[in-house]
2 protein chains.
Amino acid sequence: MKNSLIKILFALLVLTSVAYAADPLPSWNEGAAKKSIVAFVEKVTKPGSPHFVPVSERIAVFDNDGTLWCEQPVPVQLYFALDRVKALAPQHPEWKNKEPFASLLKGDMKTAAAGGEHAILEMFMATHTGMATDEFEKIVKDWIATAKHPKTGKLYTEMVYQPMLELLAYLRTNGFKTFIVSGGGIEFMRAWAEKVYGILPEQVIGSSIKTRFEMRDGKSVLVRMPELNFNDDKSGKPVAINQHIGRRPIAAFGNSNGDKEMLEYAQGDSGARFELLVLHDDAAREYAYGPARGLPDVKLGAFKRDLDEEAKHNGWTVVSMKNDWKRVFAFEK
Amino acid sequence: MKNSLIKILFALLVLTSVAYAADPLPSWNEGAAKKSIVAFVEKVTKPGSPHFVPVSERIAVFDNDGTLWCEQPVPVQLYFALDRVKALAPQHPEWKNKEPFASLLKGDMKTAAAGGEHAILEMFMATHTGMATDEFEKIVKDWIATAKHPKTGKLYTEMVYQPMLELLAYLRTNGFKTFIVSGGGIEFMRAWAEKVYGILPEQVIGSSIKTRFEMRDGKSVLVRMPELNFNDDKSGKPVAINQHIGRRPIAAFGNSNGDKEMLEYAQGDSGARFELLVLHDDAAREYAYGPARGLPDVKLGAFKRDLDEEAKHNGWTVVSMKNDWKRVFAFEK
């Protein structure tokens with residue numbers, strides 16, 4: 001028995017080496033960014049290395065919008081909310097004369113957006129609450145199965161960055177647990193994150209509304225309430241990471257000012273650490289707008305003013321989509 | 001290569017069968033409770049069974065105090081708070097004349113407890129907040145390494161139920177992910193749950209206070225604030241399960257009225273489900289007080305009045321510590 005076990009372990013070792021021989025990041029161009037990723041992973045996984053990190057502490061956190069998938073011209077969840085407004089309009093005749101709904105139904109985004117944050121929050125509450133969590137999950141799943149990007153005509157779930165999918169897989173192969181930490185809705189993302197990113201619901205962290213436990217027709221449900229529970233952005237991200245994970249990540253990946261504190265938090269302890277920002281500088285294959293979340297009128301300048309200085313100062317890796325990525329989307333030639 | 005792979009898989013199969021041959025629950029007496037556990041696990045893990053559940057959906061949630069470890073004469077975290085009051089007293093001369101601190105420092109629990117929930121909350125805030133989360137973790141780890149149970153003289157970490165440790169391991173061997181969902185403090189439990197139960201910090205859910213992200217001496221920290229964030233008890237448990245896990249558990253384990261809604265939530269969907277209550281009826285080896293959390297003056301009657309009816313009505317398994325458990329603690333002969 002002992003002898004067979006050794007044979008098995010040896011065979012597994014061989015298989016593992018074979019798997020490693022192939023480039024785990026084929027959509028990344030050779031360059032400083034790719035090198036820094038591989039160097040970090042090798043450093044923390046090599047037994048006996050002074051930077052070795054045990055598997056249970058290999059926590060990596062990823063922003064979603066603009067880091068794992070396209071957030072232009074506006075974040076995907078906003079399209080979901082717009083489609084929900086249209087679907088629910090027949091049950092809400094009063095929306096014809098009520099902003100932001102009246103303008104949204106006429107397709108006049110500019111007037112709708114004039115109501116600012118308050119109007120957006122009202123639209124989200126009207127379209128995202130009232131139902132049980134199980135029902136909401138089904139609504140999102142049905143929508144995301146067919147909803148398409150306005151510019152490319154591709155499914156939103158195809159608008160994910162191929163190099164980042166490879167990075168997620170590479171980290172997981174090396175014993176990392178990968179988490180999403182996003183300003184987006186936690187239950188919106190959980191409905192498709194497992195299928196699209198291989199990230200389980202319990203590893204998705206996001207903004208949330210309050211829910212209430214109820215018995216409905218003898219069945220226990222959680223009802224989604226029109227009240228904000230947590231805004232998972234900026235300094236909220238480290239707070240949510242601690243609440244959900246209870247450990248400081250050793251690697252953090254983002255693209256906007258909303259991710260700054262998350263990267264600072266990952267960096268804030270001793271031992272090997274890795275922080276990365278995706279720079280949107282590829283107008284041909286995606287968009288060029290710097291890393292400021294969801295503001296289509298903000299161009300590269302915003303990045304230069306804010307995060308670039310901080311990235312340099314802190315030694316964060318900046319990924320140029322244009323130069324560092326061989327492909328942006330899997331559907332590219 | 002293909003041939004070696006088949007050999008490996010076959011060898012692994014053989015090894016697996018060998019592991020299964022031994023009783024995975026040796027501290028459980030043969031009886032209805034043990035039978036119901038094994039029947040459930042076999043049903044959901046057998047490929048092709050109409051009750052088969054994929055690994056990613058095998059979520060099991062456990063209350064902590066009174067379900068995984070002893071909560072008598074008072075919950076362990078209260079002893080921690082008391083020891084913190086003593087340790088911090090020199091820095092708080094005003095406590096000599098301020099309740100509940102004055103009575104606590106004199107060892108007069110009765111007068112201290114007269115202040116009710118408000119007094120307890122004040123004591124928790126005074127002893128659990130103000131420091132960074134990293135510091136708090138160290139304080140708890142240092143304390144739990146030596147703190148001992150007043151009756152048995154054993155470490156609190158030895159006052160865990162051996163049959164439940166076996167149950168946790170048995171579920172994990174069968175592809176379950178095990179979570180704690182407790183009214184206790186989330187960061188208090190995370191400091192030792194991995195070592196004691198094999199449950200990772202990200203799988204510990206509990207009550208929490210608010211934290212705030214700060215840069216202190218150029219280092220990013222989360223500071224513990226004297227403000228309640230979430231009370232993870234009763235109908236709060238399903239809410240927290242959804243927030244942290246994002247899936248309905250298929251198995252839930254508790255011992256008190258605080259766990260009722262959690263068990264109802266686990267039961268509230270189709271497919272195979274399992275719910276279990278630990279009944280504290282063993283005055284000789286532990287305590288006899290029914291399942292009412294942390295109330296030393298409540299005897300078996302509380303269980304009879306409340307949960308017993310519900311358990312019968314819902315088909316929940318009730319475990320008699322006296323009759324169903326061969327051993328309660330590992331240190332027993």
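Residue numbers start from 1 in every chain, and the chains themselves are labelled A, B, ... in the order their sequence lines are given, proteins ahead of strands.
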Exercise. Below 6.0 angstrom between ring centroids: does that apply to A/Tyr156 and A/Trp143?
Worked result: yes
Problem set entry | From CZ (B/Phe179) to CG (B/Leu168), nearest 0.5 Å | 12.5 Å
Exercise. Which bit of A/Ile205 is near chain B, if near means a heavy-atom gap under 4.5 Å: side chain, backbone, both or neither?
Worked result: neither
For this session: Pick whichever of B/Lys219, B/Gln203, B/Lys210, B/Met215 has the most heavy-atom pairs under 4.5 Å with chain A.
Result: B/Lys219
Problem set entry | Which atoms of B/Ile245 approach chain A - backbone, side chain, both or neither, heavy atom under 4.5 Å | both
Seminar exercise, completed: Heaviest contributor of heavy-atom pairs below 4.5 Å to chain A, chosen from B/Arg212, B/Lys177, B/Gln267, B/Glu137, is B/Lys177
Problem set entry | Region of B/Glu214 that comes under 4.5 Å of a non-hydrogen atom in chain A | neither
Problem set entry | Pair B/Asp259 + B/Lys237: basic N to acidic O under 4.0 Å | yes
Problem set entry | Heavy-atom check, side chain of B/Phe176 versus side chain of B/Ile59, under 4.5 Å | no
Exercise. Are B/Phe274 and B/Trp316 near enough that their ring centres are under 6.0 Å apart?
Worked result: no
Exercise. B/Ser235 versus chain A, heavy atoms under 4.5 Å apart: side chain, backbone, both or neither?
Worked result: both
Problem set entry | Pick from B/Gly236, B/Gly218, B/Gly246, B/Ser56 with the largest number of heavy-atom pairs that fall under 4.5 Å of chain A | B/Gly246
Exercise. Looking at B/Glu264, B/Arg248, B/Lys234, B/Glu194, which makes the most heavy-atom pairs under 4.5 Å with chain A?
Worked result: B/Arg248
For this session: Please state whether the side chain, the backbone, both or neither of A/Ser208 comes within less than 4.5 Å of a heavy atom of chain B.
Result: side chain
Problem set entry | Aromatic ring proximity A/Phe80/A/His128, centre distance under 6.0 Å | yes
For this session: Against chain B, work out which of A/Thr211, A/Leu200, A/Leu222, A/Val204 has the most heavy-atom pairs shorter than 4.5 Å and name it.
Result: A/Leu222
Problem set entry | Under 3.5 Å: donor-acceptor pair, side chain of B/Asp142, backbone of B/Ile139 | no
